[in-house]
Amino acid sequence: MSLYCRTFFRRKSFGCYRLLSTYVTKARYLFELKEDEEACRKAQQTGVFYLFHDLDPLLQASGHRYLVPRLSRAASLPKSEMEAELGGSFIKLRQALFQLNSVDSSLLFTAQALLRWHDGHQFCSKSGQPTQKNMAGSKRVCPSSKIIYYPQMAPVVITLVSDGARCLLARQSSFPKGLYSALAGFCDIGESVEEAVHREVAEEVGLEVENLQYSASQHWPFPNSSLMIACHATVKPGHTEIQVNLKELEAAAWFSLDEVTTALRRKGSLALQPSEASSLLLPPKLAIAHHLIKKWVETLSCSSLAA
Ligand SMILES: NC(=O)C1=CN([C@@H]2O[C@H](COP(=O)(O)OP(=O)(O)OC[C@H]3O[C@@H](n4cnc5c(N)ncnc54)[C@H](O)[C@@H]3O)[C@@H](O)[C@H]2O)C=CC1
Ligand SMILES: [Mg+2]
């Protein structure tokens, strides 16, 4: 269901009619499912299911894409029988990233993150006793210590640093060949987003940034659940010399608008053709790093056109 549905309908409230958008109705319904075990049980009878095996979703190949079957009931069969019966395979989510549409990938990201969290929180860290999941899967409770555990995301800042004409991209040795991304790092406990951005940039490339601007955020399930907080920032004029922290990064460099624009036009998978062996590769559209880089290109292109 679209979050921005334009249909409205009437609901009686406090003796008068109030307009509630379908988005608000949906949000209230999801809240009810988290709180009301019986409502959730009923919803499961008519709801649809995504199937996972060891955190890998069941996908059906369709040309160059993957479709995500929505099943009307949960079943429990051995893996191979399930795959044969449903005409699909359980595939690593990371491998299928390029072949999923954005709605499916967002739902699968959330579902996988939730399953992983439940798997890792079977026991209370205080009493050592087994915890119990509520019907909606939105929390786990320890009957002995009464502690309630809620699914967590680790805040991560991701920053595209610019010197006005170029942007700074970096790579880790684990990245596919040629791939460069924006600087990312986990927030330390007690830190604000601003402090984390300043520290991460200083730590990873030895630069001080200013003019911090929040751009967007994204839930990212790999390797655990992170809330990616994406920002733009600039370096102080004349202070552009990079000192790469080789414990964290393999390389970092400044890239021109032309280089980045050309790389953005390159489509498809993260594998370079032999003829492009030395080319710059950028993160896929699904990743918030891609959004940051695209936004930087658009802003810079507009300002150079206006000049
Ligand atoms: N969606 C996107 O566009 C992008 C997402 N990312 C994600 O951002 C995350 C952080 O990026 P990195 O450069 O690896 O972070 P980082 O620069 O903070 O370095 C990772 C190291 O930080 C430490 N660390 C501190 N708190 C941690 C925590 N809560 N969980 C795990 N390690 C923690 C560990 O020693 C770890 O080796 C990664 O999980 C990566 O998948 C990174 C780039 C792009
Ligand atoms: Mg990092």
Side-chain angles (χ1 to χ4, degrees), residues 55 92-98 100 102 104-110 112-113 116-117 119-121 125 149-162 167-209 213-233 242-253 255 260 263-264 266 269-270 280-297:
L55 301 181
K92 294 256 163 291
L93 190 50
R94 210 162 192 157
Q95 275 169 24
L97 276 190
F98 291 100
L100 289 167
S102 59
D104 285 337
S105 61
S106 166
L107 281 166
L108 292 179
F109 278 13
T110 306
Q112 192 201 53
R116 184 185 286 115
W117 181 81
D119 190 43
H121 290 79
S125 56
Y149 294 91
Y150 294 98
Q152 287 166 345
M153 296 189 279
V156 171
V157 290
I158 177 160
T159 314
L160 189 66
V161 179
S162 164
C167 72
L168 199 166
L169 300 172
R171 57 172 278 109
Q172 296 178 6
S173 53
S174 58
F175 285 7
K177 195 168 183 292
L179 182 81
Y180 279 75
S181 185
L183 300 172
F186 290 94
C187 293
D188 278 349
I189 196 136
E191 247 180 357
S192 67
V193 167
E194 292 82 351
E195 286 165 341
V197 168
H198 284 280
R199 179 187 52 75
E200 273 297 328
V201 176
E203 243 178 54
E204 298 199 343
V205 292
L207 292 170
E208 285 189 44
V209 287
Q213 275 193 325
Y214 168 79
S215 179
S217 67
Q218 172 189 47
H219 168 242
W220 190 245
F222 312 113
N224 283 309
S225 236
S226 297
L227 176 64
M228 306 293 305
I229 304 154
C231 300
H232 291 275
I242 299 169
Q243 288 175 342
V244 180
N245 180 343
L246 294 170
K247 285 196 183 129
E248 301 224 18
L249 299 173
E250 185 183 75
F255 291 87
V260 177
L264 271 181
R266 207 169 280 126
S269 79
L270 283 179
L280 166 66
L281 268 186
L282 295 176
K285 276 195 184 131
L286 220 60
I288 201 154
H290 184 100
H291 160 92
L292 270 179
I293 295 166
K294 194 160 167 261
K295 199 93 192 148
W296 176 78
V297 165

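One-based numbering, in listed order, for ligands and for the atoms of each.
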Visitor: Considering only the protein, which heavy-atom contact is closest to atom 42 (C) of ligand 1, and what is its distance?
Guide: Ala184 CB, 3.6 Å
Visitor: Can you find a protein heavy atom closer to atom 27 (C) of ligand 1 than 4.0 Å?
Guide: yes
Visitor: Please confirm whether Pro223 comes within less than 3.5 Å of ligand 1 when only nitrogen or oxygen atoms on both sides are compared.
Guide: no
Visitor: Side chains of Pro283 and Ile293: closer than 4.5 Å at any heavy-atom pair?
Guide: yes
Visitor: Look at atom 17 (O) of ligand 1 and say which protein heavy atom is nearest, naming residue and atom and giving the distance to 0.1 Å.
Guide: Glu204 OE2, 2.7 Å
Visitor: So among Val260, Leu168, Leu280, which one has a side-chain contact (heavy atoms from CB on, under 4.5 Å) with Tyr180?
Guide: Leu280
Visitor: Below the 3.5 angstrom mark, is there an N/O of Ser226, backbone or side chain, next to an N/O of ligand 1?
Guide: no
Visitor: Are any non-hydrogen protein atoms located under 4.0 Å from atom 33 (C) of ligand 1?
Guide: yes
Visitor: Could you list which atoms of ligand 1 come closer than 4.0 Å to a heavy atom of Ala287?
Guide: 1 (N), 2 (C), 3 (O)
Visitor: If you round to the nearest 0.5 Å, how far is CE of Met153 from OG1 of Thr110?
Guide: 9.0 Å
Visitor: Looking at ligand 1, does any of its N/O atoms fall within less than 3.5 Å of an N/O of Ile288?
Guide: yes
Visitor: Within a distance under 4.0 Å of any heavy atom of Gln172, pick out the atoms of ligand 1 and give their elements.
Guide: 12 (P), 13 (O), 14 (O)
Visitor: Which word best sums up how the rings of Phe222 and Trp220 line up, parallel for under 30°, tilted for 30 to 60°, or perpendicular for over 60°?
Guide: perpendicular
Visitor: At what distance, to the nearest 0.5 angstrom, does CG of Leu183 lie from CG of Asn245?
Guide: 11.0 Å
Visitor: About how many Å separate CD of Glu194 and CD1 of Ile229, when rounded to the nearest 0.5 Å?
Guide: 9.5 Å
Visitor: For ligand 1, is there an N or O atom under 3.5 Å from any N or O atom of Arg94?
Guide: no
Visitor: Of all the atoms in ligand 1, which lie at a distance below 4.0 Å from a heavy atom belonging to Ile158?
Guide: 43 (C), 44 (C)
Visitor: Does the side chain of His232 pick up a donor-acceptor pair with the side chain of Ser162 at under 3.5 Å?
Guide: no
Visitor: Short N/O distance, under 3.5 Å, between Ala289 and ligand 1?
Guide: yes
Visitor: Does Glu250 have more than 12 heavy atoms from other residues, nucleotides or ligands lying within 6.0 Å of its CD?
Guide: yes
Visitor: Under 3.5 Å, side chain of Arg171 to main-chain N/O of Ala251, donor-acceptor pair present?
Guide: no
Visitor: Going by the atom numbers of ligand 1, which of them fall below 4.0 Å from some non-hydrogen atom of Gln218?
Guide: 1 (N)
Visitor: Run through His219, Gln112, Arg116 and flag the one making a side-chain hydrogen bond (donor to acceptor under 3.5 Å, both in side chains) with Ser225.
Guide: His219
Visitor: Which residue holds the protein heavy atom closest to atom 4 (C) of ligand 1, what is that atom called, and what is the gap in Å?
Guide: Met228 CE, 3.7 Å
Visitor: Side-chain contact, heavy-atom cut-off 4.5 Å: Glu204 with Leu249?
Guide: yes
Visitor: Drop me the distance from Cys231's SG to Ile288's CD1, to the nearest 0.5 angstrom.
Guide: 9.5 Å
Visitor: Any chance CD of Glu208 has more than 12 other-residue heavy atoms, nucleotides or ligands included, within less than 6.0 Å?
Guide: no
Visitor: Counting each atom of ligand 1 from 1 as listed, which ones have a heavy atom of Gly185 under 4.0 Å away?
Guide: 15 (O), 16 (P), 17 (O), 18 (O)
Visitor: With heavy atoms under 4.0 Å as the rule, classify the contact between Phe186 and ligand 1 as side chain, backbone, both or neither.
Guide: both
Visitor: Polar-atom distance check: Glu248 versus ligand 1, any N or O pair below 3.5 Å?
Guide: yes
Visitor: Answer yes or no for atom 37 (O) of ligand 1: protein heavy atom present at a distance under 4.0 Å?
Guide: no
Visitor: Which distance, rounded to the nearest 0.5 Å, do you find between the CG of Leu264 and the NZ of Lys285?
Guide: 9.5 Å
Visitor: Going by the atom numbers of ligand 1, which of them fall below 4.0 Å from some non-hydrogen atom of Glu200?
Guide: 17 (O), 18 (O)
Visitor: Has ligand 1 got any nitrogen or oxygen that is less than 3.5 angstrom from a nitrogen or oxygen of Val156?
Guide: no
Visitor: Using 0.5 Å steps for rounding, measure from the CG atom of Leu286 to the CD atom of Gln218.
Guide: 6.5 Å
Visitor: Are side-chain heavy atoms of Thr159 and Glu200 found at a separation under 4.5 Å?
Guide: no
Visitor: May I ask you to determine how many protein N/O/S atoms are under 2.8 Å from the Mg ion (ligand 2)?
Guide: 2
Visitor: For Phe222, take its heavy atoms, then give the atoms of ligand 1 lying under 4.0 Å from any of them.
Guide: 39 (O), 41 (O)
